[in-house]
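Read through the structure below, which is laid out as structure tokens, and then see the notes.
Remember, it's 1-based here, ligands and their atoms both numbered in the order they're listed.
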Amino acid sequence: MLNFKKYITEKEYFKVASQVAEEMNIQIYVVGGFVRDLILDRKLDDVDILVVGNGLDFAKKLSQKLGVKKVDYFKTFGTAHFFYKDIDLEFVGARTESYSRESRNPEVEIGTFEDDINRRDFTINTLAISLNKNNFGELIDKFGGVKDIELKLIKTPLDPVETFNDDPLRILRAFRFASQLNFKLDETLLEAATKLANRLEIISQERVTEEFFKILKSPKPSVGLKLLFDSGVMEVIFPEVANLGGVEQRNDFHHKDVFLHTCQVVDNVASVSDNVWLRFAALMHDIAKPPTKRFDEKVGWTFHGHEEKGSRWMKYIFKRMKLPFSKLDYVRKLVRLHLRPIALISDEVTDSAIRRFIVTIGEDLEDMITLCRADITSKNPKKVTRYLSNYEKVMDKVRDVKERDKLREFQSPVHGEEIMKIFNIPPSRKVGEIKTTIEEAILDGKIGNNYKEAFEYMMKIKDEFT
Ligand code: CTP
């Protein structure tokens, strides 16, 4: 394991913090995610410093010692933070914090170091490193957090019902950590999450959405999505996604579970792209399949118009989830067009159909094709190869049309002025027609793209236009 003492001692701000605490005769600790990520060797974010005493006073004294001018104080929450060089240092006084049954606001009470650590969410987040003179750099692990890190286990320090009742957002945090770190959940934790899923209703939409998107950003989002679904939490926070679950069989036609398919599509996108909005679009692409589902005796299950309906739902979903409207058009477009490339596979497709697709999809063409490829979840390798090569065909057509369109932008080497002079005509439609005829001859490869050949060609066709 990492040598904490060495790591902490090397950081100037920890040493200064320790001296300030000594002068103020209070105890301070590095706690929470920083310690966890230090052990996991993950990228380190902000440093949380727990102050057994007044966190604001301590932050003020330390900032003065470090020569930091700008400090933010959040008096209502008893927290403060400032940047020292590019390190984000956060300070909080030791406390207990819990949501009562009725209130949407947590009740905060001043507490001891023990009180504070006991009321934290997961054992892996209860770890603390002392910054106090007598045991500087010592790891304090009251709930076996290090062991749980080794076991890759998310577990609450107290009875999970109590921990979740204190702050129901922790249900989502548990799933998020499992997804981010690829950890398992303790069984009693999962039971409590299932039982208390409805308690999430008291949590603000912003906090819920933030955790949901952290799941989408994780290396394999399906880990978190499936936990949300299996625990019934998805029904509370994202009912449309929960509705994708379930299979049905009629005659010989088996209806695939759209939720599991969607999870796979999201994972496929995640394996090739960090763009969380593309991942979200993948999550949304079949969202309107349930209400458009019909059974046709001959062809089986159909979902006509699910892409149109789904894209129309996006505005409402963005509003409810408090998502940034700047991303609405992007997601809406990908949902609406996700079947379009398939329609363009046939050999009979005209250039203008391809051109229309290029114009509608605009700069998001690559993302669209990434989503389409990710949408192939067949277990049959032959089918997968065929579908993939179909998309290649579409992309070839797109490239081809784009290339030719670029050529079309060029100008005839013989200009309008000269045409008018030679043909002895005023500015008119005819000038344009003659120019186009010359350009077409170049595009068709009849003559080269240069003045001499273009002029000769013009003289040759002169009779046709007089
Ligand atoms: N915490 C908690 N309950 C919450 C939120 C936070 O007990 N609902 C505690 C945890 O001990 C956590 C610490 O506060 O480690 C800091 O919280 P935060 O910065 O939100 O999370 P991190 O664990 O640092 O992880 P991340 O930065 O990935 O969100």
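Ligand 1 is surrounded by G32, G33, R36, D48, R120, D121, N125, D167, R170, R173, R176, F177, K214, each with at least one heavy atom closer than 4.0 Å.
Between W277 and F213, the ring-plane angle classifies as tilted under the 30° and 60° cut-offs.
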Using distance only, find each side-chain donor-acceptor pair of residues 330-345 under 3.5 Å and give its atom names and separation, not counting sequence neighbours.
| from | atom 1 | to | atom 2 | distance (Å) |
| --- | --- | --- | --- | --- |
| Y330 | OH | N275 | ND2 | 3.2 |
| Y330 | OH | D367 | OD2 | 2.7 |
| R332 | NH2 | D329 | OD1 | 2.8 |
| K333 | NZ | I361 | O | 3.1 |
| K333 | NZ | D364 | OD2 | 3.0 |
| H338 | ND1 | V335 | O | 2.7 |
| H338 | NE2 | D286 | OD1 | 3.4 |
| H338 | NE2 | H306 | NE2 | 3.3 |

Side-chain polar contacts of residues 218-230 - donor-acceptor pairs under 3.5 angstrom, sequence neighbours left out - could you list them?
| from | atom 1 | to | atom 2 | distance (Å) |
| --- | --- | --- | --- | --- |
| S218 | OG | S179 | OG | 2.9 |
| S218 | OG | I215 | O | 2.6 |
| S222 | OG | D267 | OD1 | 3.4 |
| S222 | OG | D267 | OD2 | 2.4 |

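The side-chain hydrogen bond (donor to acceptor under 3.5 Å, both in side chains) search around N182 returns none, not counting sequence neighbours.
A cation-pi geometry, defined here as NZ or CZ lying under 6.0 Å from the six-membered ring centre and within 45° of its normal, does not hold between K152 and F183.
Salt-bridge formation is not detected for the pair E187/K155: no Lys NZ or Arg NE/NH1/NH2 atom is positioned less than 4.0 Å from an Asp or Glu carboxylate oxygen.
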